[in-house]
Amino acid sequence: SLNGYEHYMLKEIHEQPDSLRNAMRGRLNDEDATAVFGGLNLTPQQLRGVERIILTGCGTSWHSALVGEYMIEEFARIPVCVEYASELRYRNPPIENNTLVFGITQSGETADTLAALNETKRKGHRTLALCNVVGSSIAQAADGGVYLHAGPEIGVASTKAYSSQCCVLAMLSLYFGRMRHMSFESGGRIIEELRRLPAAVEQALTCDSEVRRIAAKYADASNFLYLGRRYNFPTALEGALKLKEISYIHAEGYPAAEMKHGPIALVDEHTPSVFIMPRGTTYDKVMSNMEEVKARGGPVIAVASHEEAQIRRIADEVIMIPEVPEFLQPIVSAIPLQLLSYHIAVLRGCDVDKPRNLAKSVTVE
Ligand code: M6R
């Protein structure tokens, strides 16, 4: 039921502190400073031998794969490639021995993701599913996997499944990291940071009324740009997809530094740019990218973690989110973007939970 919310999407956005707690329940092990998973169906020796990981999926699940790529490479130093399932199934790429293939999917029924997993499995690679729906086709087809435990996601726009996918990928990175070079101390620190995540998401959700005000100001725009770097680049793609999908406004996500290579030509006074820029490694660089957009007359909305005069001076709007370590920023910074697309879609009279031309699970290719 809707539990007093006007739409499933809004309800599911607000469920995220709980769905994240459920994703982590029983999976953090303080004694060994690692994560534990019941259903991987692979021995520690087999997992220790993994030399490459392929993450595949479609749409929002492909975005969480991009986040996973950064996490696994940072924490486990295992090379990762991210593939659109629809491309992987037909591209016939050379895949080395000791490659592990993860299919990431909320529904577990996406035809392309199922086909990509079956194709890699047929070639003798180990396949795992990172999936929300228990007993779904992809969960059954894979050699093993991890459930998200996010509860049913009814809105066509994926929200809580996305954050849970990122969270499970963080725990997997911890797990693979601790099998290799990561110290007990670093593992323990990551566990602590993960435990603080639900409260940070709760705090991020308090930006709702501010985001609604901003939505009202920009709801008539025909184009949006979303920009971020490193961990916040996939968030830019995800923010743009959410907006396209439910409000039918054209939006593009880019790594902020790519602006100069073309997209900046789109900037004018009618095209808002959303900068996802919580403080981190590339913070100053993104600040200059934002200044460049502003200098060309584009309205700027910044998603930031620290009150700073410089951001307030450049950006027209600032949405504050709590500070979390960089690897968890995708989860926290997605919240205002989910809310922004939601409020804009409502203001434009769109059918938020059932956008035109779309189905919750895409079971045809
Ligand atoms: O069920 P899946 O995660 O496999 O679905 C993949 C995509 O169809 C899905 O994420 C789609 O992009 C969403 N509607 C995005 O909000």
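Residues take their numbers from the sequence shown, with the count starting at 1. Order of appearance sets the numbers: ligands from 1, and atoms from 1 within every ligand.
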Undergrad: Supply the atom-to-atom distance Thr159 OG1 to Glu15 CD, rounded to the nearest 0.5 angstrom.
TA: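 Result: 8.0 Å between the selected atoms.
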Undergrad: Contact between ligand 1 and Lys242 is defined here as a heavy atom of the residue under 4.0 Å from a ligand atom; is it met?
TA: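 Judged by the 4.0 Å heavy-atom criterion, Lys242 does count as contacting ligand 1.
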Undergrad: Sorted by first residue and then second, give each side-chain hydrogen bond (donor to acceptor under 3.5 Å, both in side chains) pair with at least one member in residues 167-185; sequence neighbours left out.
TA: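 Every side-chain hydrogen bond (donor to acceptor under 3.5 Å, both in side chains) pair that includes a residue of residues 167-185, provided the two are not neighbours, is Ser183-Ser186.
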Undergrad: Which of the atoms of ligand 1 are close to Ser107, meaning less than 4.0 Å from one of its heavy atoms?
TA: 1 (O), 2 (P), 4 (O)
Undergrad: Is the closest heavy-atom distance from Thr113 to ligand 1 below 4.0 Å?
TA: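 Distance cut 4.0 Å: Thr113 fails for ligand 1.
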Undergrad: Should Glu317 and Lys217 count as an ion pair when the cut-off is N to O under 4.0 Å?
TA: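 Looking at Lys217 together with Glu317, the answer is yes, because their closest N to O distance falls below 4.0 Å.
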Undergrad: Please indicate whether Lys121 has more than 12 foreign heavy atoms, meaning atoms of other residues, nucleotides or ligands, lying under 6.0 Å from its NZ.
TA: yes
Undergrad: Taking the minimum heavy-atom distance to atom 6 (C) of ligand 1, which of Ser361, Gly57, Cys58 ranks first?
TA: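 Nearest heavy atom to atom 6 (C) of ligand 1 lies in Cys58.
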Undergrad: Please state which protein non-hydrogen atom is closest to atom 4 (O) of ligand 1 and give its distance, to 0.1 Å?
TA: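 Answer for atom 4 (O) of ligand 1: Thr110 OG1, 2.4 Å.
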Undergrad: For ligand 1, which atoms have a heavy atom of Ala157 less than 4.0 angstrom away?
TA: 16 (O)
Undergrad: Among all protein heavy atoms in this structure, tell me which lies nearest to atom 10 (O) of ligand 1, with the distance rounded to 0.1 Å.
TA: Thr60 N, 3.1 Å
Undergrad: Quick check: does Glu245 get an N/O under 3.5 Å from an N/O on ligand 1?
TA: yes
Undergrad: Can you list every salt bridge (Lys or Arg N to Asp or Glu O under 4.0 Å) pair that touches residues 334-351, not counting sequence neighbours?
TA: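 For residues 334-351, and leaving out neighbouring residues, there are no salt bridge (Lys or Arg N to Asp or Glu O under 4.0 Å) pairs at all.
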Undergrad: Out of all atoms in ligand 1, which are within 4.0 Å of some heavy atom of Ser61? Include the element for each.
TA: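 Close to Ser61: 2 (P), 3 (O), 10 (O).
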Undergrad: Go through ligand 1 atom by atom and flag the ones less than 4.0 Å from a non-hydrogen atom of Gln106.
TA: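 In order of number, 1 (O), 2 (P), 3 (O), 4 (O).
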Undergrad: May I ask you to check if ligand 1 and Val362 share an N or O to N or O distance below 3.5 Å?
TA: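 Not met; the criterion fails.
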Undergrad: Carefully, step by step, assess Thr60 and Lys242 under the rule side chain to side chain donor-acceptor pair (under 3.5 Å).
TA: CA-CA 9 Å; Thr60 288; Lys242 289 287 92 99; 3.1 Å; yes
Undergrad: Checking ring-ring contact (aromatic ring centres under 6.0 Å, His included) against Phe75, which of Phe327, Tyr70, Phe176 comes through?
TA: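 Going through the options one by one, the only one that passes is Phe327.
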Undergrad: Can you confirm whether Lys285 is buried at NZ, in the sense that more than 12 heavy atoms of other residues, nucleotides or ligands lie under 6.0 Å from that atom?
TA: no
